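These notes concern the structure reproduced below.
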Amino acid sequence: MTNVEKSSDGEDCKGDLPEVRSVMIQIYPDLGLAEHNPGSQGVVSDIDVNGRPGKLVEKALTKFDCAVVLELTKTSRVDIFTSASVTNDSCAVAQQIAKAIEPDLPRS
């Protein structure tokens, strides 16, 4: 796996992620961190991405999925969801993507 980086035009991210099956980024303009539902098997821990509060959710849907949920404001958030063939890979990729996009996210 290589690092996830912004493309040269700054419009998207790219990376060589051979173990990752899918990546989804979703913005919730009316739901904050407190409203995130990790599901019945999700293992949640608090994280900090470049000074921004968030949650790392291991086993987000299946044992191979991971999510990073970042606070935009107290009432809004962005979720980065990854699915991979190895649990640790999905969390590492979700965290790399979060670090790559965080500087461009709005601050409250």
Side-chain angles (χ1 to χ4, degrees):
M1 169 176 57
T2 62
N3 286 337
V4 175
E5 301 172 339
K6 268 197 228 181
S7 63
S8 59
D9 63 9
E11 293 297 314
D12 54 15
C13 294
K14 61 181 179 177
D16 179 21
L17 311 169
E19 298 298 321
V20 175
R21 294 191 311 253
S22 66
V23 173
M24 181 176 67
I25 299 172
Q26 190 159 7
I27 296 172
Y28 292 92
D30 299 322
L31 298 171
L33 280 180
E35 287 81 28
H36 180 262
N37 180 355
S40 61
Q41 69 178 7
V43 178
V44 181
S45 54
D46 292 329
I47 62 170
D48 179 283
V49 177
N50 301 333
R52 185 184 300 268
K55 304 269 183 203
L56 176 68
V57 185
E58 298 177 69
K59 302 177 185 176
L61 291 177
T62 73
K63 67 181 181 177
F64 301 113
D65 302 329
C66 194
V68 171
V69 182
L70 295 178
E71 179 179 278
L72 298 177
T73 68
K74 293 294 180 192
T75 58
S76 62
R77 70 174 199 259
V78 62
D79 293 6
I80 300 108
F81 175 84
T82 58
S83 179
S85 59
V86 179
T87 304
N88 289 343
D89 282 352
S90 63
C91 286
V93 170
Q95 290 178 84
Q96 285 184 8
I97 293 169
K99 287 178 185 173
I101 69 170
E102 189 284 327
D104 293 324
L105 297 175
R107 294 253 177 207
S108 56

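Values below: all heavy atoms of this structure, side chains included; hydrogens, waters and symmetry mates excluded. Bear in mind that the values here come from a model prediction, so they are computed numbers and not experimental data.
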Report yes if the side chains of [X] and [Y] come closer than 4.5 Å at any heavy-atom pair, otherwise no.
{"X": "V78", "Y": "L72", "value": "yes"}
{"X": "F81", "Y": "V23", "value": "no"}
{"X": "L31", "Y": "H36", "value": "no"}
{"X": "I47", "Y": "V68", "value": "yes"}

Report yes or no: does [X] contribute a side-chain atom to a donor-acceptor pair with the main-chain N or O of [Y] at less than 3.5 Å?
{"X": "D65", "Y": "T62", "answer": "yes"}
{"X": "S76", "Y": "P29", "answer": "no"}
{"X": "E71", "Y": "G32", "answer": "no"}

**OP:** Kindly determine whether R77 and E35 satisfy side-chain contact (heavy atoms from CB on, under 4.5 Å), including the steps that lead there.
**Re:** CA-CA 9 Å; R77 70 174 199 259; E35 287 81 28; 4.2 Å; yes
How close do [X] and [Y] get, counting heavy atoms only, and between which atoms?
{"X": "C66", "Y": "S90", "value": "CB-OG, 3.5 Å"}
{"X": "N50", "Y": "R107", "value": "O-NH2, 3.3 Å"}
{"X": "L70", "Y": "L33", "value": "C-CD2, 4.2 Å"}
{"X": "I80", "Y": "A94", "value": "CG2-O, 4.0 Å"}

According to a hydrophobic-cluster definition based on side-chain heavy atoms being under 4.5 Å apart (Ile, Leu, Val, Met, Phe, Trp, Tyr only), do [X] and [Y] belong together?
{"X": "V57", "Y": "L61", "result": "no"}
{"X": "V49", "Y": "V69", "result": "no"}
{"X": "I27", "Y": "L105", "result": "yes"}

Subject >> Under the salt bridge (charged side-chain N to carboxylate O under 4.0 Å, His left out) test, residues paired with D46 that sit two or more places apart >> reply: K55
Original post:
NZ/K59 to SG/C91 distance, rounded to the nearest 0.5 angstrom?
Top reply: 10.0 Å
Original post:
With a 4.0 Å cut-off, would you call R52 and E102 a salt bridge?
Top reply: yes
Original post:
Could you walk me through whether I25 and I97 pass the side-chain contact (heavy atoms from CB on, under 4.5 Å) check?
Top reply: CA-CA 9 Å; I25 299 172; I97 293 169; 3.8 Å; yes
